[in-house]
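The structure under discussion appears below in the form of structure tokens.
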Amino acid sequence: MAMLQIFRPFINSFRDLLPIILVIGFFQLFILQQPVPHLEKILVGVLMVVIGLTLFIRGLEMGLFPLGESMAYAFARKGSVTWLLLFAFSLGFGTTIAEPALIAVSAKAAEVAASAGAIENTRAAMESYAFGLRLTVALSVGFAIVVGVLRIIRGWPIQNLIVVGYLGVVIMTMFAPKEIIGIAYDSGGVTTSTITVPLVTALGVGLASSIKGRNPMTDGFGLIAFASLTPMIFVMAYGMII
Amino acid sequence: MSSLLLHLWHVTLNTIFDVLPIVIIIFGFQGLVIRKPMPNMKKVVVGFIYVLLGLAFFLVGLEEALFPLGDLMAKQLTDPAFLHSGGKISDILRWQDYKWVYLFAAAIGFATTIAEPALIAVAIKAQDVSGGTISIWGLRIAVAIGVGIGISLGTYRIVTGTPLHYYIIAGYVLVMIQTIYAPRSIIALAYDSGGVTTSTVTVPLVTALGLGLASTIPGRSALIDGFGLIAFASLFPIMSVMGYAQLSRWRASRNNIQQDE
């Protein structure tokens, strides 16, 4: 019985992974009708993913959630909105600027810009374009978390702000260069990483539960939504200016 | 085996490096602004180490096993030779010929979303906060269905070459209409689930599919048309999560009516 308790989280993680295994197995064997290459390597990989997911979820509940919440409570007790907003901005900016997915996307964007003739087709020009883009996205995520935290403090309904954001995206789409649109739309999704999401969510929910009159369900969520919306607008603006 | 360990070591170092800004910001503010010891400091640090190690194992496992295979399958499924099986090579491909691509896109979108760690995190929080009205699995499956539909439609867009922004703007209009009718408590969570879904597992596999498609279809450029799948994957979960909330509210009210009778 005790053994089963130890293995339980691993079994859960395996269950999380099972759909991927089934989909890949089905298409490989029945549709493409080819044997699975390097089966032993794949089994080792799956084992590692299961171990990794189990550790991650354990650490999430021990470390990231309490961390985000205790920061939220500490700032709420301190009562300084300025420091809280500064923290919100640093968290958004700091987690995004080093985000590997964003680094990959901005390098791709520089290629697009060079091939479209928007910038010179040299390495230096592309690198500075890519870095500028990363900076832009990181600023936009910092800005997004600030707006999101302000919304929690003031209790603004989220849909009003989202409508404004959507209108911003639509208007920018009309004026932005055609080549940048796909990348701009994708950049919204890639900025929020696996470590940022639990931290920011715990921060939002913690803030909403420590401020009187806020409901953690309606007010606590929503920070990630802003963080995935503003980069689209900022990246299109970047494409227009450069 | 040693190369695997080396790989694990590199990824662990990279993960630590990626997390460094977060650690500096949090401990900087903790020490300089809050100036109070953090409760359960030891436990939090151990938890952080678990998260780092877990993420490193997770990434190496994916890179060793699933990504190469997913990449290969994306190439094979979009290969004109496979698409032409049963027909003559000289036939011009129509959008219907890509049916397995659409199905694969939907299935892999669904499956990778179920395994997405960031979504598991948000789902745990949502179940806590909602007092169980929103279940972990209910939310994860709702989001996964949204991603599946989104990515499938996204591949159809790449095949037909219609402009991305038409779909996205139409999606926005739908989201706004749904917002009017959805239960208020779900709205923020639904908007969040759009950004949450696309991280560690989904992005690489889906990007491979998009680039594979765009580079094999005549007239598409991998650089321009290969993008956009992530945008679909972040938009459709918003609709499916609001739909899930509407459905559970409808079921609850139907049960209430039955109990009253």
Side-chain angles (χ1 to χ4, degrees), chain A residues 16-17 19-20 23-24 27 31-32 41-42 45-46 48-49 51-53 55-56 58-60 62-64 66-67 70 74 83 87 90-91 94-95 98 101 111-112 158-159 162 166 170 173 179 181-183 185-186 188-189 192-195 197-198 201 205 216-218 221-222 224-225 228, chain B residues 18-19 21-22 25 29 33-34 38-39 43-44 47-48 50-51 53-55 57-58 60-62 64-65 69 73 76 100 104 107-108 111-112 114-115 117-118 121-122 125 129-130 164-165 169 172 179 184-185 187-189 191-192 194-196 198-200 203 223-224 227-228 230-231 234:
Chain A
D16 293 336
L17 206 60
I20 302 187
V23 168
I24 289 186
F27 273 86
I31 311 301
L32 294 165
K41 209 176 151 189
I42 288 170
V46 167
M48 291 183 79
V49 173
I51 295 172
L53 199 57
L55 280 176
F56 177 83
R58 184 95 186 85
L60 200 69
M62 277 175 71
L64 288 188
L67 192 62
S70 76
W83 278 117
F87 175 70
S90 323
L91 198 65
T95 56
E111 274 179 56
V112 174
I158 187 166
Q159 56 271 34
I162 295 284
Y166 280 176
V170 172
T173 305
E179 304 81 28
I181 292 176
I183 291 164
Y185 283 8
D186 273 6
T192 45
S193 78
T194 313
I195 292 178
V197 167
T201 306
V205 170
M217 195 66 213
T218 41
F221 291 97
I224 307 290
S228 17
Chain B
D18 293 341
V19 174
I22 309 182
I25 290 164
F29 272 87
V33 181
I34 295 177
M38 198 177 284
K43 206 176 154 198
V44 168
F48 226 98
Y50 275 172
V51 164
L53 275 180
L55 212 54
F57 265 90
F58 190 75
V60 171
L62 287 178
E64 289 288 324
L69 198 56
M73 291 176 72
Q76 286 170 340
W100 290 118
F104 179 73
I108 204 77
T112 53
I114 292 291
V122 169
K125 258 278 132 16
V129 170
S130 71
L164 172 65
H165 53 270
I169 292 171
Y172 282 173
T179 303
R184 298 197 72 75
S185 58
I187 293 173
L189 181 64
Y191 289 158
D192 264 5
V196 166
T198 44
S199 47
T200 337
V203 171
L223 276 178
I224 294 173
F227 287 98
I230 307 292
S234 341

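Quantities reported herein were computed from a predicted structural model and do not represent experimental measurements. We name chains A, B, ... by the order of the sequence lines, and we start the count at 1 in each one.
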- May I ask you to decide if I224(A)'s main-chain N or O and D192(B)'s side chain share a donor-acceptor pair within less than 3.5 Å?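 Yes: the side chain of D192(B) pairs with the backbone of I224(A).
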- With under 30° as parallel and over 60° as perpendicular, where do the rings of Y191(B) and Y166(A) fit, or are they tilted in between?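 Aromatic pair Y191(B)/Y166(A) classed perpendicular.
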- Message: Is V196(B) close to chain A through its backbone or its side chain, or both, or neither, when contacts mean heavy atoms under 4.5 Å?
- Response: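 Contact with chain A involves both backbone and side-chain atoms of V196(B).
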- Message: With a 4.5 angstrom heavy-atom cut-off, is it the side chain or the backbone of I108(B) that approaches chain A, or both, or neither?
- Response: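 Both backbone and side chain of I108(B) come within 4.5 Å of chain A.
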What option among [options] has the most heavy-atom pairs under 4.5 Å with chain B?
{"options": "I181(A), L91(A), V23(A)", "value": "V23(A)"}
{"options": "L17(A), V46(A), L53(A)", "value": "L53(A)"}
{"options": "P19(A), G222(A), G182(A), S228(A)", "value": "G222(A)"}

- Message: Does Y172(B) have more than 12 heavy atoms from other residues, nucleotides or ligands lying within 6.0 Å of its OH?
- Response: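 Atom OH in Y172(B) is packed in, count exceeds 12.
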- Query: Hey, mind stepping through M73(B) and L32(A) against side-chain contact (heavy atoms from CB on, under 4.5 Å) and telling me if it holds?
  - Reply: CA-CA 8 Å; M73(B) 291 176 72; L32(A) 294 165; 4.1 Å; yes
Atom pair [atom1]/[atom2] of [X] and [Y] - distance to nearest 0.5 Å:
{"X": "I34(B)", "Y": "F87(A)", "atom1": "CD1", "atom2": "CZ", "answer": "7.0 Å"}
{"X": "I195(A)", "Y": "F48(B)", "atom1": "CD1", "atom2": "CZ", "answer": "6.0 Å"}
{"X": "T218(A)", "Y": "L189(B)", "atom1": "OG1", "atom2": "CG", "answer": "11.0 Å"}
{"X": "K125(B)", "Y": "M217(A)", "atom1": "NZ", "atom2": "CE", "answer": "12.0 Å"}
{"X": "F221(A)", "Y": "S130(B)", "atom1": "CZ", "atom2": "OG", "answer": "8.0 Å"}

For the residue pair [X] and [Y], what are the closest heavy atoms and their distance?
{"X": "P21(B)", "Y": "G94(A)", "result": "CB-O, 3.4 Å"}
{"X": "A231(B)", "Y": "Y185(A)", "result": "CB-CB, 3.6 Å"}
{"X": "F57(B)", "Y": "G52(A)", "result": "CB-CA, 3.5 Å"}

- Task: Examine whether an atom of T173(A) lies under 4.5 Å from a heavy atom of chain B, and if so say whether it belongs to the side chain, the backbone or both; otherwise answer neither.
- Result: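 Interface part for T173(A): side chain.
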- Query: For I24(A), is it the side chain, the backbone, both or neither that has a heavy atom under 4.5 Å from a heavy atom of chain B?
  - Reply: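 For I24(A), heavy atoms of backbone and side chain both lie under 4.5 Å from chain B.
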Kindly indicate whether the side chain of [X], heavy atoms from C-beta on, has any atom under 4.5 Å from the side chain of [Y].
{"X": "F56(A)", "Y": "L53(B)", "result": "no"}
{"X": "I20(A)", "Y": "T112(B)", "result": "yes"}
{"X": "F58(B)", "Y": "L55(A)", "result": "no"}

- S90(A): side chain to side chain contact (heavy atoms under 4.5 Å, CB included) partners, not counting sequence neighbours: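 S90(A): side chain to side chain contact (heavy atoms under 4.5 Å, CB included) contacts with I25(B), F29(B).
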